[in-house]
Amino acid sequence: MASSYKWGLSEITALMNDLWQLLSEDEKQTFAESLRVVTYRKHEPIYEVGDTPEYLICLISGKIKIYRDGVGGRSQLLRLMRPVQYFGYRAWMANECYVTSAAAFEDSVVCLIPMPVVNLALQKNNALCRFFMTNLAQALGSSDLRTVSLTQKHIRGRLAESLLFLRDTYGVAEDSQAIAIKIPREDLANLSNMTTSNAIRTLSDFAVEQLIVVDGRKITILDEQKLKLVSEIG
């Protein structure tokens with residue numbers, strides 16, 4: 001982890017405008033004086049299970065994965081963060097340690113704001129309270145849907161849903177139309193709650209069926225409608 005000097009305060013606040021515009025002038029000054037901009041290298045941990053939460057974290061650039069190691073050391077990839085999303089604060093609000101881990105999926109820049117500073121603003125700022133309530137409610141809804149998918153869909157449906165999720169989260173590359181994240185097979189398997197071998201085999205099946213094109217870690221969706229159908233029927 002290293003401090004980043006590339007990003008100026010005006011750039012940071014512009015990116016975080018959905019939150020920043022809710023603050024009073026005094027709160028903006030306090031937040032600005034307290035925030036830190038930090039770079040995490042690829043695979044570098046941001047926090048781990050059991051750590052005490054300290055910051056509201058906003059992803060400025062890059063990609064972050066939220067995961068939990070399970071039985072036998074196998075990871076369950078729970079969420080993938082994109083700019084500009086906020087995370088790391090739920091455990092603090094619940095007065096508990098982290099129950100998940102977060103790590104940089106690629107070189108990433110984050111903004112850290114101490115939670116005591118955020119909490120002081122929350123005591124007086126109803127709009128800021130609603131902002132975090134909405135974010136938490138949306139995250140809970142997404143988590144509920146993912147739980148149903150991962151426990152009730154078959155392998156093909158789970159993997160199809162994961163590919164569509166990755167495309168919807170990160171978009172596609174301008175030069176190739178491939179999903180704009182080069183995800184290792186192991187992480188794709190962890191996102192889809194399956195073994196790596198099953199993920200590799202199902203990707204090959206999708207390619208044979210001309211639903212996707214696979215080129216190393218680059219995956220391009222060819223037939224979105226059929227892939228959605230596979231996801232829906234499970």
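Quantities reported herein were computed from a predicted structural model and do not represent experimental measurements.
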Participant: Any chance you could pull the hydrophobic cluster mates of Val213, using side-chain heavy atoms under 4.5 angstrom and chaining through other members?
Facilitator: Leu222
Participant: Quick check for you: to the nearest 0.5 Å, what is the distance between Asn193 atom CG and Lys153 atom NZ?
Facilitator: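 Asn193 CG to Lys153 NZ: 13.0 Å, rounded to 0.5 Å.
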Participant: Side chains of Asn190 and Ser75: donor-acceptor distance under 3.5 Å anywhere?
Facilitator: no
Participant: Distance from Leu56 atom CG to Phe132 atom CZ, nearest 0.5 Å?
Facilitator: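 Atom-to-atom, Leu56:CG and Phe132:CZ are 4.5 Å apart.
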Participant: Which residues pass the side chain to side chain donor-acceptor pair (under 3.5 Å) test with Glu96, not counting sequence neighbours?
Facilitator: Arg90
Participant: Are any non-hydrogen side-chain atoms of Cys58 and Val110 less than 4.5 angstrom apart?
Facilitator: no
Participant: Could you grab the distance from atom CZ of Phe31 to atom CD1 of Ile12, nearest 0.5 Å is fine?
Facilitator: 14.5 Å
Participant: Quick one: salt bridge (charged side-chain N to carboxylate O under 4.0 Å, His left out) pairs with a partner in residues 140-150, sequence neighbours left out?
Facilitator: Arg146-Glu161
Participant: Would you give the length of the straight line joining atom CG of Leu22 to atom CD of Glu27, rounded to the nearest 0.5 angstrom?
Facilitator: 9.5 Å
Participant: As an exercise, state the distance from CE of Met115 to CG of Leu120, rounded to the nearest 0.5 Å.
Facilitator: 11.5 Å
Participant: Among residues two or more places apart or on two chains, list those pairs meeting side-chain hydrogen bond (donor to acceptor under 3.5 Å, both in side chains) that have a residue in residues 201-212.
Facilitator: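 Sorted pair list: Arg156-Glu209, Asn198-Arg201.
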Participant: Return the orientation label for the Tyr47 and Tyr98 ring planes: parallel under 30°, perpendicular over 60°, tilted otherwise.
Facilitator: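 Tyr47 and Tyr98: parallel rings.
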Participant: Step by step, would you call Lys28 with Thr13 a side-chain hydrogen bond (donor to acceptor under 3.5 Å, both in side chains)?
Facilitator: CA-CA 9 Å; Lys28 289 177 181 177; Thr13 56; over 6 Å; no
Participant: In chain order, what residues pass the side chain to side chain donor-acceptor pair (under 3.5 Å) check against Gln85, with sequence neighbours excluded?
Facilitator: none
Participant: Are side-chain N/O atoms of Glu25 and Gln29 paired as donor and acceptor at under 3.5 Å?
Facilitator: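 No donor-acceptor contact under 3.5 Å links the two side chains.
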Participant: Might you work through the side-chain hydrogen bond (donor to acceptor under 3.5 Å, both in side chains) test for Asp18 and Tyr86, ending with a clear yes or no?
Facilitator: CA-CA 11 Å; Asp18 56 347; Tyr86 303 88; 2.8 Å; yes
Participant: State which residue, out of Leu166, Leu211, Leu164, fulfils the side-chain contact (heavy atoms from CB on, under 4.5 Å) condition with Ile221.
Facilitator: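 Only one of Leu166, Leu211, Leu164 forms a side-chain contact (heavy atoms from CB on, under 4.5 Å) with Ile221, namely Leu164.
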Participant: Any pair with a residue in residues 50-61 that passes salt bridge (charged side-chain N to carboxylate O under 4.0 Å, His left out), sequence neighbours left out, goes on the list, sorted by first then second residue, please.
Facilitator: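 Listed by first then second residue: nothing to list.
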Participant: In chain order, what residues pass the side chain to side chain donor-acceptor pair (under 3.5 Å) check against Glu186, with sequence neighbours excluded?
Facilitator: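 Side chain to side chain donor-acceptor pair (under 3.5 Å) list for Glu186, sorted by chain: empty.
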Participant: Excluding sequence neighbours, so at least two apart, what forms side chain to side chain contact (heavy atoms under 4.5 Å, CB included) with Ser34?
Facilitator: Thr30, Pro114, Val117
Participant: Can you check whether Arg41 reaches Thr39 side chain to side chain, under 4.5 Å on heavy atoms?
Facilitator: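 Heavy-atom side-chain distance check passes, below 4.5 Å.
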Participant: Which pairs with one or both residues in residues 128-138 pass side-chain hydrogen bond (donor to acceptor under 3.5 Å, both in side chains), sequence neighbours excluded?
Facilitator: none
Participant: To the nearest 0.5 Å, what is the distance between CD1 on Ile64 and CE on Met81?
Facilitator: 8.5 Å
Participant: Answer yes or no: is there a side-chain heavy-atom contact under 4.5 Å between Trp92 and Asn119?
Facilitator: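 When only atoms from C-beta onward are counted, Asn119 and Trp92 do touch, with a gap below 4.5 Å.
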Participant: Quick one: side-chain hydrogen bond (donor to acceptor under 3.5 Å, both in side chains) pairs with a partner in residues 106-115, sequence neighbours left out?
Facilitator: Lys63-Glu106
Participant: Could you tell me which residues satisfy side chain to side chain donor-acceptor pair (under 3.5 Å) with Lys182, sequence neighbours excluded, listed by chain and number?
Facilitator: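 By the side chain to side chain donor-acceptor pair (under 3.5 Å) rule, Lys182 matches no residue at all.
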Participant: Are Phe206 and Leu159 packed together at the side-chain level, in the sense that at least one heavy-atom pair is separated by less than 4.5 angstrom?
Facilitator: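 Yes. Closest side-chain heavy atoms under 4.5 Å.
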Participant: Listing request: all side-chain hydrogen bond (donor to acceptor under 3.5 Å, both in side chains) pairs with a residue in residues 212-225, at least two apart in sequence or in separate chains.
Facilitator: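 Only Arg167-Glu224, Glu224-Lys228 qualify under side-chain hydrogen bond (donor to acceptor under 3.5 Å, both in side chains).
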